[in-house]
Number of protein chains: 2
Amino acid sequence: MRHKTGDMNSMDEMDSAVTERGLLSERIRKALTDEITAGVLQPGSALDEQQLALRFSVSRTPVREALRQLSNGGLVEIRPRRGVFVTRLSPERIMEMFETAAEVEALCVRLATYRVTPMERAKLVELHEASGLMAESGDVDAYDRFNRDFHVLIYQATHNGFMREHAVSLRNRLDAFRRTQLRQSGRILISRIEHAEILAAMAEGDGEQAARRMRAHLLNAATAFSRFVADHSAPESALSD
Amino acid sequence: MRHKTGDMNSMDEMDSAVTERGLLSERIRKALTDEITAGVLQPGSALDEQQLALRFSVSRTPVREALRQLSNGGLVEIRPRRGVFVTRLSPERIMEMFETAAEVEALCVRLATYRVTPMERAKLVELHEASGLMAESGDVDAYDRFNRDFHVLIYQATHNGFMREHAVSLRNRLDAFRRTQLRQSGRILISRIEHAEILAAMAEGDGEQAARRMRAHLLNAATAFSRFVADHSAPESALSD
DNA sequence: TCGCCTAGGATTGTATACAGAAACGGATCT
DNA sequence: AGATCCGTTTCTGTATACAATCCTAGGCGA
């Protein structure tokens, strides 16, 4: 079973005349999610319902629903009777999110070490080995997809569906920042080495060790992200606000 | 200096009769949350928007928004174009949730052990000592409130706001089941003893030990809940259906 | 008799209309 | 000049109307 969780959902080239199978609110939610994580919609900016409705050529109703969904994901903030704003994530907040993700992933890999099936273990190794090519060619997008599959498979190996869903949801909220740090030179190779070390600990059945390495793995990514922000956005943000 | 302007925005009435204070969708969301967790709305039952709108004397719009919010909390399931249904939680699913909560709380108390401030530690002890009266008098509701404050304060002591929010959200989803198990004879006293042991580990600065005890604390609650379910619903569900 | 197709009813999804609150700007007063 | 008051305006929150889809039931044909 090799299902790709991150399939691109870009079948929007159909005529606008046909009502698509999915709900309008879902389409809008996805579009807004992309724009926010890509930085097109800048943090702190207000999202006007009418304006968005006009942009997507729909009424305010599905736009409202999409915005409500986004607020639950933490991407936007709703101030009642005031409006909807793209959540402004402070660097501290982002680091808090990374730390939380690190701890959650650590506990997942610890449980996974004790519960993983031989088939799952084989699949993990297979994924990891396949990532070697991506690391060498520097294909960030491909490695990003692999990385996701790798981690999700570990959640899966906990054999706790609720925990898996929670971990996936957490990971989704950090994806934008993860991609950012992954683009730094050398990060992919380091990431891959850390994966190998985690797999080694799992192979020895040492859940605590695997957990420690996973925590370090995530915190390294956080540090890389932090360094990236310090290097790239300091000059720009000097006069904002 | 206080002017006597015509500003009467400051009337804070708490009654639920004709108050226009909050948003309708919020009020409905709370009402439905209560009814679902209390079991008034049984798992698997369909929620008709028009019917609910009639019941609350509002239009379908705020009802829809409330239902969307609930679906993100996992209380209801939305099948597009099919309707909204109260989520049917299998015993396995509930145990998965308890395990996840146990692990998350364990990691919280581990971090809290290393980061708690003297003031927070004092507040924890104070809370714990105050709970003695509730345990003796068997006031389940009061103990339930204390229990919540106690655990939330531990999340707070991690000094990671994001983690605190996540842990609180997780706890909310389990509150209904927690109350159930707490009503079993002796559970309150046992719970209080376990709290004391957790505090002791924190006082010694042994985060790992505190984490283990917290995990056991939550899993004990899960076991108690499981036993409660087995005792109370087995005879009925044995040959019905 | 059984299975497929179609018509009707019911319910959700979306659009539009209306009401009230919060932001904005100008005029007046101190 | 600065602040305050008040009217205007814009936008959200809610209500209602319309459209599309799904479920059900009944008829028709094999």
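Just so you know, these numbers come straight off a predicted model, no measurement behind them. What's counted below: heavy atoms across the whole structure, side chains too, no hydrogens, waters or symmetry copies. A, B, ... follow the sequence lines: proteins, then strands. Residue 1 opens every chain.
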Given the rule in the side chain to side chain donor-acceptor pair (under 3.5 Å) test, do R187(A) and Q181(A) qualify, once you have shown the distances and angles that lead to the verdict?
CA-CA 7 Å; R187(A) 271 305 300 163; Q181(A) 62 88 21; 2.9 Å; yes

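- Residue L47(B) contributes atom CG, which lies 13 Å from atom P of dT11(C) at whole-angstrom precision.
- As a whole-Å value, the separation of R79(B) CZ from dT21(D) C1' is 15 Å.
- dA15(D) atom P lies 14 Å from atom CZ of R64(B), rounded to whole Å.
- Look at R82(A) and you won't find any side-chain N or O under 4.0 angstrom from OP1 or OP2 of dT12(D).
- Residues F225(B) and F228(B) place their aromatic rings such that the two centres sit no closer than 6.0 Å.
- Regarding contacts with the backbone of dT14(C), every side-chain N or O of T61(A) stays at 4.0 angstrom or more from both OP1 and OP2.
- Comparing I78(B) and P80(A) along DNA chain C, the residue whose closest nucleotide (by nearest heavy atom) sits nearer the 5' end is I78(B).
- Atom CG of L52(B) is separated from atom P of dT12(C) by 9 Å (rounded to the nearest Å).
- Put simply, CZ on R29(A) is 14 Å from P on dG13(C), counting in whole angstrom units.
- Here E26(A) pairs with R29(A) in a salt bridge; the nearest charged N to carboxylate O distance falls below 4.0 Å.
- Contact annotation: R68(A) side-chain N/O to dG13(D) OP1/OP2 distance is under 4.0 Å.
- For R60(B) and dG13(C), a side-chain-to-base donor-acceptor distance below 3.5 Å is present, hydrogens and geometry of angles not being considered.
- Between the CG atom of L54(B) and the P atom of dT16(D) there is a distance of 12 Å, given to the nearest Å.
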Hey, mind stepping through E103(B) and T100(B) against side chain to side chain donor-acceptor pair (under 3.5 Å) and telling me if it holds?
CA-CA 5 Å; E103(B) 294 294 343; T100(B) 304; over 6 Å; no

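- Within the 3.5 Å criterion, the main-chain N or O of A102(B) finds no donor-acceptor partner in the side chain of E105(B).
- Rounded to a whole Å, the CD atom of Q51(B) is 9 Å from the P atom of dT11(C).
- In this structure, V58(A) and E49(B) both approach DNA chain C, and ranking their closest nucleotides by distance from the 5' end singles out E49(B).
- Comparing dC11(D), dT14(C), dA21(C) by their closest approach to the side chain of D48(A) singles out dC11(D).
- Closest contact between the side chain of L23(A) and the listed nucleotides dT11(C), dT14(D), dT14(C) involves dT14(C).
- Computed from coordinates, the R81(B) CZ to dT21(D) P distance equals 6 Å when rounded to whole Å.
- With distances taken from any side-chain atom of Q50(A) to the nucleotides dC11(D), dT11(C), dT14(D), the minimum falls on dC11(D).
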